[in-house]
Structure formats: structure tokens, C-alpha cells
Amino acid sequence: MSKDIPGLYGSLVFNDKVMRQKLPKDMYKALRKTIENGTHLELDVANSVAVAMKEWAVENGATHFTHWFQPMTGFTAEKHDSFISPTSAGEVLMEFSGKELVKGEPDASSFPSGGLRATFEARGYTAWDPTSPAFIKDGTLYIPTAFCSYSGEALDKKTPLLRSMEALNKSAVRMLHLLGNTSVTSVSTTVGPEQEYFLVDKELYNQRRDLIFCGRTLIGAPAPKGQEMEDHYFGSLKPRVAAYMHDLDEELWKLGIPAKTKHNEVAPAQHELAPIFDTTNIAVDHNQLTMEVMKQVANKHGLVCLLHEKPFEGINGSGKHNNWSMSTNTGVNLLDPGKTPAENIQFLVFLMAVIKAVDDYADMMRVSAAGAGNDHRLGGNEAPPAIVSIFLGDELTAILHSIEGDSYFDGKEGMILETGASVLPHFMKDTTDRNRTSPFAFTGNKFEFRMLGSSASVATPNITLNTAVAEALDQFYEELKDYAPEDIEKGVHDLIKRAIKKHKKVIFNGNGYSPEWVEEAKRRGLPNLASTPEALKAFIADKNVDLFIKHHIFTKEELFSRYEILLENYVKTIGIEVKTMKEMLTKDFLPSVMAYSDEIVQSALAKKELLPSISTKTEEALVCKLSDAYTSITEGLEKLDAAAAAADAKTDMYDCAMAYHDSVLAEMDELRQTADAIETKIPDEVLPYPTYDQLLFSVV
Ligand code: ADP
Ligand code: MG
């Protein structure tokens with residue numbers, strides 16, 4: 001049976017087509033103007049949109065609406081209100097007003113605010129973001145909104161993201177006009193996030209406290225087979241997985257999310273989904289929604305979708321690749337080398353701006369990927385190290401070096417050298433080679449930021465990237481603005497020459513996973529912020545505070561509050577892991593060690609009774625091992641308690657986070673090693689939870 005995919009696609013979205021059908025012409029025009037130019041929306045337009053939205057939503061089975069927002073929890077939040085409005089005749093009408101559409105007042109006092117709101121003024125409000133379309137999910141009309149405090153401080157991830165897109169828009173348009181490209185009136189950033197995830201069987205999942213409470217295994221010996229055969233990557237899909245992916249695609253398509261690519265990833269039970277890229281703001285909302293739908297659909301299939309960055313030891317964890325570029329309203333990708341010398345000049349300026357931005361704010365890029373979960377991944381052998389560097393490929397690097405050294409680029413394969421009057425080399429779009437080990441790689445016409453963890457919001461790195469690139473473009477503008485139009489090419493040449501000299505230290509085309517690179521990066525003076533607490537310090541470094549204030553992305557208070565929230569989140573995450581580990585070892589694991597030991601003692605005694613001369617050396621040795629492990633785990637648990645208590649006793653949040661990092665995690669590691677070693681001696685039926693073998697290989 002063939003399905004009408006075009007008919008299905010976006011069927012639950014209040015998209016342009018529906019707007020055009022449902023709205024009076026003048027109202028539709030006014031709304032489009034707001035969406036495209038960010039102009040203020042009059043109340044009569046809002047009322048008209050609200051009526052149309054409600055009508056459409058009710059026709060499609062919705063009974064409720066919700067302002068959907070992204071507080072600092074890392075998740076999305078929603079509070080549902082029904083459309084019903086009682087009449088004096090004892091009936092109900094389905095109603096929805098412009099005021100309800102535009103502004104919501106959730107009693108949101110319990111969301112993290114990092115001290116931004118005192119409890120007596122705890123209310124925040126949500127404001128409709130008309131640039132991201134409303135949609136229907138589970139019988140509710142979802143309205144994407146920004147979440148602010150009453151005094152206007154951002155309490156979410158959307159507000160600063162929208163601010164950063166606006167900052168980049170302003171700076172990019174000004175630069176394009178200076179370069180003579182005056183037809184462009186707006187520039188938006190585009191994002192395509194590749195999402196990795198694991199699927200495990202729900203029944204098995206439900207038997208493990210660590211997966212339930214922490215989303216990752218805290219103990220567990222490796223399975224005999226991991227990813228060493230490299231047979232899972234792009235391998236054929238198992239029927240249960242294929243059925244899941246099929247349903248997932250359909251659910252996403254209904255929501256207008258352009259899911260495009262799906263495949264098995266490197267680790268067993270690991271998979272990836274990539275959509276077609278979109279405007280950043282929409283891509284971010286879609287990625288949040290994708291993560292939710294992934295979990296929901298898994299549940300229907302008797303599976304659980306794990307989005308944690310490191311669910312299993314010894315095999316790859318999951319990341320999220322943030323593909324990013326800038327695109328003009330005239331349809332030009334500014335990171336596409338282009339075909340004419342003029343396009344090439346434009347390309348070089350924007351490319352150089354990104355290089356400068358990432359070099360100047362490498363620490364902030366690292367912060368944007370920081371979190372307790374991702375710490376288990378960064379610097380492992382499957383993810384880039386905590387050092388931010390840029391892969392450009394040999395050709396582009398050679399072009400920039402030739403500008404730096406005043407030598408003409410002599411053209412390699414696929415390159416055309418523009419000789420003669422032109423100062424800048426003319427080259428064609430090359431087939432950029434791939435370097436999978438780079439945290440920030442140029443991939444032909446976009447950059448791919450690969451540090452991000454699988455559970456992270458894509459908003460965070462894009463807030464930094466957009467703002468840092470806006471700043472770089474502004475600085476370049478100052479250097480170029482006094483050139484006459486006929487000299488601008490020379491101006492760009494000199495500018496690139498100065499800039500590449502200063503920023504080439506961030507370019508690295510070699511193997512980012514090698515220990516030599518860590519040494520080399522140190523020599524180059526690049527920051528290596530290994531852990532989340534260390535990275536978070538950069539959040540409040542003067543230069544970063546100045547950047548965000550200057551571009552009106554964050555106020556100083558907003559930044560400091562976020563710093564507090566992120567540190568707190570780190571501490572709480574590990575705190576939950578500590579409690580879960582204790583519970584799991586005490587209530588599940590140790591009793592099974594004891595039970596198994598008793599079983600062996602009983603069988604040895606029975607043997608002796610039957611044959612008094614027989615040796616029970618093997619049993620004795622095993623009982624000793626089990627007993628030693630029991631003792632060492634019991635002692636380890638006491639040490640873990642002490643380490644956590646000492647960390648909690650720190651009054652400063654940073655010191656507390658550092659103590660969790662340095663001593664609590666170390667105690668957890670040691671406990672894990674003991675437990676994993678003895679787990680291999682205990683038969684599966686005695687273990688109170690499924691092992692790695694079962695978790696990783698049972699979905700067929
Ligand atoms: P891979 O990186 O695995 O080779 P692709 O190059 O096809 O895969 O793209 C990966 C992701 O990058 C996709 O989500 C794609 O939509 C996105 N992408 C492609 N072009 C752009 C762009 N100009 N801006 C942002 N994302 C883009
Ligand atoms: Mg990719």
C-alpha cells in the first residue's frame with residue numbers, strides 16, 4: 001500500500017499553506033510581514049490568527065493549546081489549557097483569543113532561574129514566536145514561545161537564540177552591502193543537526209535503575225563483542241529497528257520535520273537520524289521535538305530511546321553534529337565558494353569571519369558543549385577532544401596561506417587560478433576532503449560542529465556561533481569601511497592577510513584524536529578545557545561577558561545566572577548518579593554476590609559430604625574472590641559517601657562542582673571497576689539485571 005507522503009507531510013502544522021487558506025488576505029499579509037521582518041503584530045491580527053489557528057486545530061482533533069517553551073532544564077515545557085469556554089446556557093464554546101496566543105503566564109516559579117527571580121516575583125511569561133510554526137501533538141495545539149521573567153530577562157534558550165540571529169543578520173547584511181552586494185536585505189543562519197541515539201528493549205531497560213534514573217549504565221561488564229568488527233556502521237537494519245525508524249519518519253513528517261537520512265551508527269544498538277537543514281530557530285525547535293518524538297515512538301515499539309551521551313562504557317557514545325551556515329534572502333549560501341571572483345571575495349570574508357570567531361571564542365564554543373554527560377565522551381576515542389580547532393582541508397588552507405605569504409595560489413586539481421589584475425585567487429568549489437576527527441570542520445559549503453552531546457539543545461552552540469561571527473564581521477567592517485568600492489578587493493586581501501596570520505593557530509587538518517595534537521595545541525596556546533566545571537568558568541570570563549552584552553544577547557545578570565544553573569545542573573546530575581549507584585549496588589548487586597557465594601558454599605559442602613576426599617579448592621577460590629569484591633564494594637560505597645558529603649559541604653558552587661569532578665567521579669570509577677570485574681564471574685540468572693550482552697544485542 002503506497003502512502004501519500006506529500007499529503008502526510010506537515011499535516012499537523014499550521015504552515016503557510018494553512019495560513020493562506022484560513023486567514024483574510026490582509027491579515028495573512030500582516031502576519032507574513034511579522035514573520036519575515038520581525039515587525040510588531042497588532043492585536044487585531046493576533047485575534048484573527050488565533051481564530052484561524054483554533055479552527056484548524058479543532059478540525060484536526062485538538063481540544064487544548066499550550067505555550068511550548070525551552071527553560072533552562074534542557075528539556076521543553078508545556079502547560080495545557082483547553083479551548084472550552086462555558087456559556088450561560090450551560091454549553092461550551094471552543095475559544096482562543098489573540099491575547100492567549102501572544103502571551104502566556106505559566107506559574108513557572110519552579111524553573112531554574114539562577115537567582116534571576118526572587119520567589120515573590122517568581123512569575124515568568126511566555127511570548128509567541130511567530131517565526132516557528134505552531135503544530136498539533138497528542139490532541140494539543142503547540143505554540144512555540146520564548147520564556148522571560150517579568151522584567152524581561154531571558155529564562156530560556158530561544159530568547160538568546162533569536163537575539164543572536166538578529167545580531168548576525170545585522171552584521172552580515174552591513175558587510176554584504178559594503179562588499180557591493182546591495183540586493184541582500186537579510187541573512188539567516190541555517191542548521192542541520194545530525195542526531196545519534198541508542199535503542200534498547202524496554203523490558204530490559206525497566207530492570208536497570210541506572211538506565212531509569214541516569215539514562216546511562218553506572219556498572220556493567222563489556223559484552224564479548226563491541227564495535228571492533230565495524231559491522232554495525234551502515235549495516236542492514238534489524239526488522240524491529242527498521243519498523244521503529246519507519247514510524248518515526250512518519251510522525252516527524254506529519255510535524256513538518258524533514259527527516260531525511262537514517263542509518264546504523266558505529267556502536268551496536270546505535271543509530272542516527274538527520275533532517276534537511278532549516279533556519280536555525282526552526283531547526284532548534286525541530287530538534288527538541290525530534291528528541292521527544294523519538295522517545296514516544298520507541299515506547300510504542302516496546303523500546304527505549306537513549307539520548308544520553310555515554311550510555312555504555314567501552315563503546316562509542318552519542319553526539320549531535322551541528323551543521324551550520326549563513327544564507328541570504330536572495331538564496332545564496334555565504335559559505336559556498338561560488339563561481340565568480342566577486343562571490344569568492346564574499347566567501348573569503350565570511351569564511352575568515354568564522355575562523356576568527358571560532359578562534360577568539362573557542363572557549364565559549366567548548367562551553368556550549370559542556371555537560372556532565374558529554375564529559376564522558378569528549379576526549380574519548382570516538383569524539384573530538386575538548387580542544388576547539390578548525391579543519392579547512394588542504395586546498396582552502398593553501399589558499400589562505402598563499403594570501404598570507406603574498407604568493408599566488410598555484411592551483412591544485414579542480415582549482416582555477418585567476419591570474420592577471422585580480423589580487424585574490426579565483427577557485428572553484430572543491431570536493432572538500434573529510435576529517436572525522438575535527439571538532440569544527442568545513443564540509444564544502446557549511447561548517448560542522450561535532451562536539452555537541454546527543455541530548456543537548458542545539459540552541460546553545462548556535463547562540464555563541466552567531467554572536468561570535470557577528471562580532472568578527474563587525475571588526476572586519478571597521479577595517480574595510482574606508483576603502484573606495486574599486487579598492488575593496490585590495491582591502492579584503494590585506495584584511496585576510498592580517499587575519500590569517502593572527503588566527504591560523506586554530507586551523508588543524510591532522511588527526512584530532514592523537515595525543516600529539518593535545519601537545520601541539522598546548523604549544524599553540526589553544527584552550528583545552530577538559531571538564532564541564534573548568535569550561536563553565538569561561539562563561540563568565542570578561543571577554544565573553546563583553547561579547548554577549550555588546551550584541552544584546554545576554555545581560556551580565558543573565559550570564560551569571562546561567563553559569564550558576566549549569567554548575568548546579570552538573571552537581572545534581574552526578575548527585576543522582578551517586579544515589580543510584582549506591583542503591584543499585586546495595587539493593588541489587590551485593591545481594592546477588594552474597595547469594596551466589598552462598599550457593600557455591602552449599603554446593604561445596606554437599607560435595608564434601610558425598611565424597612569427603614574431594615578437593616573444593618576451586619569453590620574456595622571463587623568464594624574468596626566474591627567475598628573480597630563484597631568487602632571492597634562496601635568500603636568503596638563508604639568512600640563514595642564521604643566524597644559526596646565533602647563536595648556538598650563546599651559553599652561555593654564552582655568548588656562543589658570541581659570536588660564532584662575530582663573525587664566523586666573517581667570513587668564511582670573505582671567502584672565500577674570492582675563491580676564489573678566480579679560481574680563476569682556471576683551467572684546471568686543470578687544477576688538481578690540484564691547485562692551488556694542482552695542490552696546491546698537483543699533488539700532484532
Ligand atoms: P554528512 O555530513 O554526513 O556528509 P550531509 O553533508 O548530507 O551529511 O549533511 C549533513 C547535514 O548537514 C544535513 O542535516 C544537511 O541538511 C545539513 N546541511 C547541508 N547544507 C547545510 C547548510 N547550508 N546549512 C546547514 N546545514 C546544512
Ligand atoms: Mg556529518
Side-chain angles (χ1 to χ4, degrees), residues 9 161 164-165 168-169 172 184 186-197 233-235 245 248-249 252-253 255-266 270-291 294 316 318-338 343 346-347 350-351 353-354 357-358 382-384 390-393 396 429-452 454 456-466 469 512:
Y9 190 82
L161 181 73
S164 76
M165 289 169 71
L168 185 125
N169 172 42
V184 171
S186 73
V187 170
S188 46
T189 53
T190 49
V191 163
E194 298 165 63
Q195 175 75 49
E196 292 181 338
Y197 61 98
Y233 188 54
F234 284 17
M245 287 179 170
L248 176 60
D249 275 342
L252 293 176
W253 290 338
L255 292 167
I257 300 174
K260 171 86 174 157
T261 311
K262 51 185 181 184
H263 62 81
N264 285 348
E265 257 300 329
V266 171
Q270 192 187 28
H271 315 280
E272 182 181 299
L273 176 138
I276 296 170
F277 69 95
D278 216 323
T279 314
T280 303
N281 167 34
I282 293 176
V284 168
D285 284 358
H286 278 174
N287 183 252
Q288 289 293 346
L289 200 50
T290 299
M291 292 194 284
M294 284 169 101
N316 277 10
S318 299
K320 177 142 56 192
H321 291 175
N322 187 75
N323 293 273
W324 178 94
S325 191
M326 294 163 278
S327 164
T328 68
N329 63 314
T330 52
V332 174
N333 176 352
L334 292 170
L335 291 177
D336 202 321
E343 281 172 343
Q346 196 174 285
F347 165 72
F350 281 88
L351 177 78
V354 179
V358 172
E382 84 268 13
I390 300 177
F391 168 83
L392 271 190
L396 271 184
K429 180 180 172 177
D430 63 312
T431 46
T432 315
D433 41 350
R434 291 296 170 108
N435 179 330
R436 292 265 153 212
T437 66
S438 175
F440 199 85
F442 185 69
T443 47
N445 59 2
K446 64 186 190 296
F447 275 101
E448 185 169 341
F449 181 53
R450 304 199 180 112
M451 263 191 181
L452 214 56
S454 46
S457 157
V458 237
T460 329
N462 290 303
I463 293 168
T464 295
L465 197 51
N466 295 344
V469 173

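Remember, it's 1-based here, ligands and their atoms both numbered in the order they're listed.
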Would you give the length of the straight line joining atom NZ of K320 to atom CG of N287, rounded to the nearest 0.5 angstrom? 3.5 Å
Minimum heavy-atom separation for [X] and [Y], please, with both atom names.
| X | Y | answer |
| --- | --- | --- |
| G256 | Y9 | O-OH, 2.9 Å |
| H286 | L255 | NE2-O, 4.2 Å |
| V354 | L335 | CG2-CD2, 4.4 Å |

Check the angle between the aromatic planes of Y233 and H263 and answer parallel, tilted or perpendicular using the 30° and 60° thresholds. perpendicular
With a 4.5 Å cut-off on side-chain heavy atoms, are N323 and T190 touching? no
In ligand 1, which numbered atoms sit nearer than 4.0 Å to a non-hydrogen atom of [X]?
| X | result |
| --- | --- |
| E448 | 2 (O) |
| N333 | 23 (N) |
| I276 | 16 (O) |

Looking only at distances, please establish whether an N/O atom of ligand 1 is found under 3.5 Å from an N/O atom of [X].
| X | value |
| --- | --- |
| N445 | no |
| W324 | no |
| P275 | yes |
| F277 | yes |

Using non-hydrogen atoms of the residue, decide whether K260 is closer than 4.0 angstrom to ligand 1. no
Can you tell me if T443 contacts ligand 1 (heavy atom of the residue under 4.0 Å from the ligand)? no
Taking heavy atoms and a distance under 4.0 Å, where does H321 meet ligand 1: side chain, backbone, both or neither? neither
Are side-chain N/O atoms of T280 and N462 paired as donor and acceptor at under 3.5 Å? no
